[in-house]
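In what follows, chains carry the letters A, B, and so on, assigned in the order in which the sequence lines appear, proteins first and then strands, with residues in each chain numbered from 1. Keep in mind it's a predicted model, so treat the numbers as computed, not measured.
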Amino acid sequence: MSDTPPFKAPIGTHDVLGAESARWEGLIATFANFAHRYGFHLAITPMFEDVGVFKRGIGEESDVARKEMYVFQDRGERTYALRPEGTAPIVRAFIQHNPTTPFKAWYFTPAFRYERPQAGRYRQHHQLGVEVLGTEDPMLDVEVVSLAQRFFEGIGLHRFRLLINSMGDAQCRADYVVLLRDFLAHHADELCDEHAKVWSENPLRVLDCKNERCIAVTNEAPMLIDHLCDACRVHFDAVRGGLRALGIDATLEPRLVRGFDYYSRTTFEFISDALDGAQNAIGGGGRYDGLVEQLGGKPSSGIGFGSGVERLLLTLDAEGIKDDAGLRRDLDIFLVDTVGTDAPVVLLDRLRHEGYSVDRSYDQRSMKAQMKLADKSGARLALLLGPQELAAGEVTMRDLRSGDFGATQDRVAQVDLLAVLAQRLKVT
RNA sequence: GUGGGCGUAGCUCAGUUGGUUAGAGCGCCAGGUUGUGGUCCUGGAGGUCGCGGGUUCGACCCCCGUCGCUCACCCCA
């Protein structure tokens, strides 16, 4: 025994094991399935990038870039950052490889931000998301938003809302910010303590401040949605029209201003009404028509969506959804072995080769103990292989889910086993 | 970075105004006769009471520090 304290997972991180990881598998598999249906392929990019990828991408002034990134130097003195979000790396890869467009990628990735952890917020969290690069067709906005919507519905969520807004393009947003800045300058002393000082640095931030005083001021402020240029207006109308055609209810929220600088035109956020904390956004995204150029590529538009896995799980709990889209994985078969020869391992190999999920117990436990394990495993069937069966070339097949205590078990000849299993395990 | 709450078995917690061998439920292990689960019964293993210091004849309990967890602000997923 050592007298040093045991190691623990770093602050704000957590291990996902056992029953919890089964839920993760379910969510990820479901998302992958939806992404494939919408024509996306999986993109895997490095967990760390040149720090500039993120600084230039999300904006040097953003909180994330300023104080939340995990930045480090490798032995070659290169400065890297652990990815704080999923979009910039995909865009960097898009520029580097110049694929044909539209380039549609989905991802599952950890994201790292140095923040104080709290409910639904971690230093390492995980996101599921999609990105589409290379076209500004508003139908893509509709597809991305509807993919998110259908995914949330698919995992069983009910109590959530979709908020949508347009941030305009570089030109009309800049024109609007002049208006807003001018307006705020006349009301600076009425803002909340925080924004009274810093409103000038990023006037848009004031719009989504939850403080009553800021809200009172901004209620009278000009809104970007009323100052879009014609092109942005037409684009946004097309997006909203498309969503309406799909029966997806998107509430216009002129105050919706997302944190990263790269957003333009369509922005959206999914809010859960089941989460009562401040961390109630279960997903969000938008268009980033300037980002590719920002990172050194040819002007090219893009749109994406991301959702936090931990927060989705929290939301499923809050809504009382136990089944997680029916993706719990239980064993098909648990093998009980009291012979202690090679026969059981050979049988396991055969069954697994056939595609069944099979487990067994180890360390020569009593049959009673093995049956308890079989029960806990959730397996549908127990196969018993003991001296009697071995001698007769049979196995005993016992149904573990037959509700009553009546023993529904049969002896099956080993030569017939696969055929019988196919029958028994086929229909659920 | 700032502030509140909490740290007792693997988990959820109890622990009387500080008093001697620290408890429960669940979980885990083993039994309940002759190879069989889910209910039930019996027994068992398992705790430096987060860590360090202080007060005291005596501290799980009081004080200080520290680390960790948690919740909130900020921002986001």
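- An OP1 or OP2 oxygen of rC73(B) is reached within less than 4.0 angstrom by a side-chain nitrogen or oxygen of Q118(A).
- Comparing rA77(B), rU36(B), rC71(B) by their closest approach to the side chain of A119(A) singles out rC71(B).
- Not a single donor-acceptor pair, N or O on each side, falls under 3.5 Å between the base of rU36(B) and the side chain of Q370(A).
- Between F72(A) and Y80(A), the ring-plane angle classifies as tilted under the 30° and 60° cut-offs.
- Checked against side-chain contact (heavy atoms from CB on, under 4.5 Å), A391(A) has no partners two or more places apart in sequence or in another chain.
- Comparing rA77(B), rA72(B), rA30(B) by their nearest atom to the side chain of Q279(A) picks out rA72(B).
- At a cut-off of 3.5 angstrom, the base of rG37(B) holds at least one donor-acceptor pair with the side chain of R398(A).
- One can place CE of M371(A) at 13 Å from P of rU39(B), the figure rounded to the nearest angstrom.
- Counting atom types as modelled, K376(A) pairs no side-chain N or O with a base atom of rG27(B) as donor and acceptor under 3.5 Å.
- Atom-to-atom, OH of Y114(A) to P of rU2(B) comes out at 11 Å; the value is rounded to the nearest Å.
- Protein atom CZ of R360(A) is 17 Å distant from nucleotide atom C1' of rG37(B), rounded to whole Å.
- Checking rG3(B), rG32(B), rG38(B) against every side-chain atom of R116(A), the shortest atom distance belongs to rG3(B).
- The base of rA77(B) has none of its N or O atoms less than 3.5 Å from a complementary donor or acceptor on the side chain of E269(A).
- With hydrogens and angles left out, the side chain of R121(A) and the base of rC74(B) share a donor-acceptor pair within 3.5 Å.
- By the side chain to side chain donor-acceptor pair (under 3.5 Å) test, T109(A) pairs with R83(A), sequence neighbours left out.
- Taking only side-chain atoms of R365(A), from C-beta outward, the nucleotide of rA77(B), rC29(B), rG37(B) with the closest atom is rC29(B).
- The CD-P distance, from E68(A) to rC75(B), rounds to 10 Å in whole Å.
- Atom CD of Q364(A) and atom C1' of rC29(B) are 17 Å apart (whole Å).
- Under 3.5 Å, the side chain of D375(A) and the base of rG38(B) form no donor-acceptor pair of N or O atoms.
- By the 5.5 Å and 30° criteria, H126(A) is not stacked with the base of rA77(B).
- G386(A) comes within 4.0 angstrom of a nucleotide base, judged by non-hydrogen atoms across all strands.
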- Query: What pattern of brackets, bars and dots sums up RNA chain B from 5' to 3', given Watson-Crick or G-U wobble pairs under 3.5 Å, [ ] for crossing pairs and | for another strand?
  - Reply: (((((((..((((.....[...)))).(((((.......))))).....(((((..]....))))))))))))....
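- Summary of the strand contacts: A369(A) and E310(A) both lie near RNA chain B, and taking for each the nucleotide with the nearest heavy atom, the more 5' one is attributed to A369(A).
- Contacts classified as side-chain hydrogen bond (donor to acceptor under 3.5 Å, both in side chains) and involving residues 154-170 of chain A (residues at least two apart or in different chains) are given here: R161(A)-D273(A).
- The side chain to side chain donor-acceptor pair (under 3.5 Å) search around H14(A) returns E310(A), not counting sequence neighbours.
- With rounding to whole Å, L316(A) atom CG is found 19 Å from rA77(B) atom P.
- Closest heavy-atom contact between L331(A) and S357(A): CA-OG, 3.4 Å.
- Note on ring orientation: taking the six-membered ring where Trp is involved, the planes of F151(A) and F31(A) are perpendicular (angle over 60°, cut-offs 30° and 60°).
- In this structure, CD1 of I11(A) is placed 13 Å from C1' of rU66(B), rounded to the nearest angstrom.
- Among residues at least two apart or in separate chains, side-chain hydrogen bond (donor to acceptor under 3.5 Å, both in side chains) pairs with a member in residues 336-350 of chain A are D337(A)-R360(A).
- Comparing E389(A) and K368(A) by the nucleotide of RNA chain B whose heavy atom lies nearest to each, the residue mapping closer to the 5' end is K368(A).
- R123(A) has its CZ atom 18 Å from the P atom of rA77(B), to the nearest Å.
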